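Contents: one structure, followed by commentary.
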2 protein chains.
Amino acid sequence: MNWDDYRYFLAVARCGRLTEAGKQLSVDHATVGRRVKALEASLGANLFDRSPQGYQLTDAGQRLVDIAETMETSVIESAAEVGGKGQVLSGAVRIGAPEGAAAYLIAEAATEICRAHPLLELQIVALPRTFSLSKREADIAIAVSAPDSGRLKYRRIADYTLHLYATRAYLERHPDINSVADLKKVRGIGYVPEFIYDKELDYMPLISPTIKPHLTSTSVHVQLEATLADGGLCVLHDFMAAQHPTLVRVLPEEVSFTRAFWFIVHEDYARLERIRVVSEGIIESMRKRLAG
Amino acid sequence: MNWDDYRYFLAVARCGRLTEAGKQLSVDHATVGRRVKALEASLGANLFDRSPQGYQLTDAGQRLVDIAETMETSVIESAAEVGGKGQVLSGAVRIGAPEGAAAYLIAEAATEICRAHPLLELQIVALPRTFSLSKREADIAIAVSAPDSGRLKYRRIADYTLHLYATRAYLERHPDINSVADLKKVRGIGYVPEFIYDKELDYMPLISPTIKPHLTSTSVHVQLEATLADGGLCVLHDFMAAQHPTLVRVLPEEVSFTRAFWFIVHEDYARLERIRVVSEGIIESMRKRLAG
DNA sequence: ATCGTTATGCGCAATTTTGCACAACGACCA
DNA sequence: TGGTCGTTGTGCAAAATTGCGCATAACGAT
């Protein structure tokens, strides 16, 4: 019997593949396979259906996930409970965030935190999708809406506003934009519809049901760069647009959105010293920047 | 990080010594020491005060015990939850019991259980003291009183009776025993007072406050053998005395005790298949024998 | 239909972990 | 006070574990 096998099991259950689990655990996939097999032997039960597509949990395996997760909770709690008071912070903290926030709000805060805690390793994962904190894809998440499920703690960081932007040059070439109705005639830049992972990001229908962007991207940076290259009109975060003097707001009275960033952390991690330090730093920094 | 280190930690915390923990885990004490040291390093905290007298938990270690125990609960639960339905029972079950019950009531039941489940290993620990199921000194305990603490499940197995016995030969040589008062004049056999681990076993003061046995032992078997050797009068379990035709009851009306055996199992273990099988077998067998 | 990709499983060499012998230290007893 | 017992801690050889390369099988694209 080896309690560590439960850790390997959990990784495979979450990844669905030996190879990926091995990568996550920093061991060879063969090792992961052997440990899982050992656990199955010790419990006398099949935990996975194996196939070239990966490892699929059996019913028994599914039930074991809950159990292994309470073990994981204990392990994390132990670090918070007895973990090195007063000693230098170390370890990795992975932050999942929308790219806009990641680049314009979090990057600098992260830099400062790293400077203050040299042994702390920060990973900022800026992907255009939500993160599963339950599956431990990230330790901390910044999102545009509050979560509704799981053992998660969350709080509102701050509101932010978005407006329609274009370059001064573009607007000079299209002087006939005076109302929302006129927007249908011009080029719009926006998200690729099927990649809108949060309904809070779906601005276009809110401007007008018939409007459709002509240039779309999953990345707000691409949208920004396209806009800066006189590519058209685009709904952008004010905190991003403020950095670029060539951008001006279009119909700021008629088109204006207010959204909020939410801070989310798994209950288990909330008490960890290094998570707390990073959380506080990022929230404080984001609030300062979004207020100013 | 290695979850298995928590298992080593827990053993040391319970034993208080590397050597004993190693024995319990079937590994060398050096290994135990190394694993504990690794856990301390990974948590960045001192868990034990080390001395040539053993390992003493620090405050941090004390707090970690609770956490490690919930992990242990999870591991045990996992065996019950997904554990091999339908497959051959195996593993060890350790039963703590008073020696009298162990030899005269449990031994035979255990033999049958072993025959029915060849891979099952039964350990009957018959020691003149109570067992700490919480410290996992045994999986199942038979006791003469119900427990009052801990996460334990228990139920009354059956009542049993005790009487005062002596051999026919001894009584013929001492015909003048007609009342409780006469008992002070003759030789008594009983427990060594300071080894009476449960007040339910302290029969002598109940017969008469002034009575004192002349030959005492921590073992009921020694008491029985002494009685059989015409050593005197002794309070014996009826189920034991019944096996020996030379024994007769003395003052059966005046001196008669009724006690009960209790079955105790740790909550965590109660659901385990092999524990259930052994429990049922022993309880059923004990009830049959105590009724007949 | 075939090829390329990606997955698991197995045998062998390298590394890590473990067990053993011994030293050091304090407690207890005569 | 000196000897014995039981404990922890360390160096070194053996054993178990791990990583790597290759074989094999299934799926999707061309």
Side-chain angles (χ1 to χ4, degrees), chain A residues 1-62 64-65 68 75 135 137 194, chain B residues 1-62 64-65 68 75 127 129 135 137 194:
Chain A
M1 191 226 305
N2 185 343
W3 289 9
D4 208 35
D5 290 346
Y6 290 83
R7 189 163 62 91
Y8 286 77
F9 161 79
L10 201 52
V12 176
R14 284 176 178 154
C15 298
R17 275 188 274 300
L18 288 190
T19 20
E20 198 177 331
K23 221 174 290 174
Q24 204 178 90
L25 298 167
S26 309
V27 296
D28 197 83
H29 67 93
T31 303
V32 181
R34 282 185 281 244
R35 305 292 290 266
V36 169
K37 202 181 284 180
L39 182 62
E40 287 184 322
S42 121
L43 291 175
N46 255 72
L47 301 173
F48 294 100
D49 289 326
R50 290 151 167 84
S51 81
Q53 283 67 51
Y55 272 45
Q56 183 92 25
L57 283 166
T58 61
D59 286 354
Q62 189 59 58
L64 192 63
V65 168
V75 170
K135 290 191 177 173
E137 292 176 348
E194 55 265 47
Chain B
M1 193 226 304
N2 185 342
W3 290 9
D4 209 35
D5 290 346
Y6 290 84
R7 190 164 60 91
Y8 285 76
F9 161 79
L10 202 52
V12 176
R14 283 175 177 153
C15 298
R17 276 187 276 295
L18 288 188
T19 17
E20 199 178 335
K23 220 175 289 174
Q24 204 178 88
L25 297 167
S26 308
V27 295
D28 196 83
H29 71 92
T31 303
V32 181
R34 283 185 282 244
R35 305 292 291 265
V36 169
K37 203 181 285 181
L39 181 62
E40 287 183 320
S42 119
L43 290 176
N46 254 73
L47 301 173
F48 293 101
D49 289 325
R50 291 151 167 84
S51 80
Q53 282 67 51
Y55 271 44
Q56 183 92 26
L57 282 167
T58 61
D59 286 354
Q62 188 58 58
L64 193 63
V65 168
V75 170
L127 291 178
R129 61 180 185 88
K135 290 192 179 174
E137 292 176 349
E194 56 265 48

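Bear in mind that the values here come from a model prediction, so they are computed numbers and not experimental data. Scope of the values below: all heavy atoms of this structure, side chains included, with no hydrogens, waters or symmetry mates. In the text below, chain A, chain B and the rest are named by the order of the sequence lines, each starting its count at 1.
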Salt-bridge criterion met for B:Glu40 and B:Arg50 (N-O under 4.0 Å)
yes

Whole-Å distance separating the CD atom of A:Gln56 from the C1' atom of C:dT8:
16 Å

Look up atom CZ in A:Phe48 and atom CG in A:Leu18, then write down how far apart they are to the nearest 0.5 Å.
8.5 Å

Whole angstroms only, please: what is the CG-P distance between A:Asn2 and D:dT17?
9 Å

In whole angstroms, the gap separating P of C:dA7 from CD of A:Glu20 amounts to 8 Å

What is the distance, rounded to the nearest whole Å, between atom CZ of A:Arg50 and atom C1' of D:dT24?
17 Å

B:Val27 side chain, from C-beta outward: closest of C:dA21, C:dG19, D:dG19
C:dG19

Is there a side-chain contact between A:Thr19 and the phosphate of C:dT6, meaning an N or O under 4.0 Å from OP1 or OP2?
no

Report yes if some heavy atom in the side chain of A:Lys23 is under 4.5 Å from a heavy atom in the side chain of A:Thr19; otherwise report no.
no

Which part of the nucleic acid, if any, lies within reach of A:Arg34 when heavy atoms closer than 4.0 Å are counted: base, sugar-phosphate only, or nothing?
base

Over how many whole Å does the gap from A:Asp28 atom CG to C:dT15 atom P extend?
15 Å

In whole angstroms, the gap separating P of C:dT8 from OH of A:Tyr55 amounts to 6 Å

Under 4.0 Å between a side-chain N/O of B:Lys37 and OP1 or OP2 of D:dT8, yes or no?
no

So which nucleotide from D:dC20, C:dG9, D:dG9 ends up closest to the side chain of A:Ala30?
D:dC20

When the distance from CG of B:Asp49 to P of D:dT8 is rounded to whole Å, what number comes out?
13 Å

Output the rounded distance in Å from CZ (B:Arg17) to P (D:dT8).
8 Å

Regarding the side chain of B:Arg35, the nearest nucleotide among C:dG9, C:dT18, D:dC20 is C:dT18

Rounding to 0.5 Å, atoms CG (B:Leu25) and CE (A:Met1) come to a distance of 9.0 Å

Over 12 foreign heavy atoms within 6.0 Å of CG, B:Asp49
yes

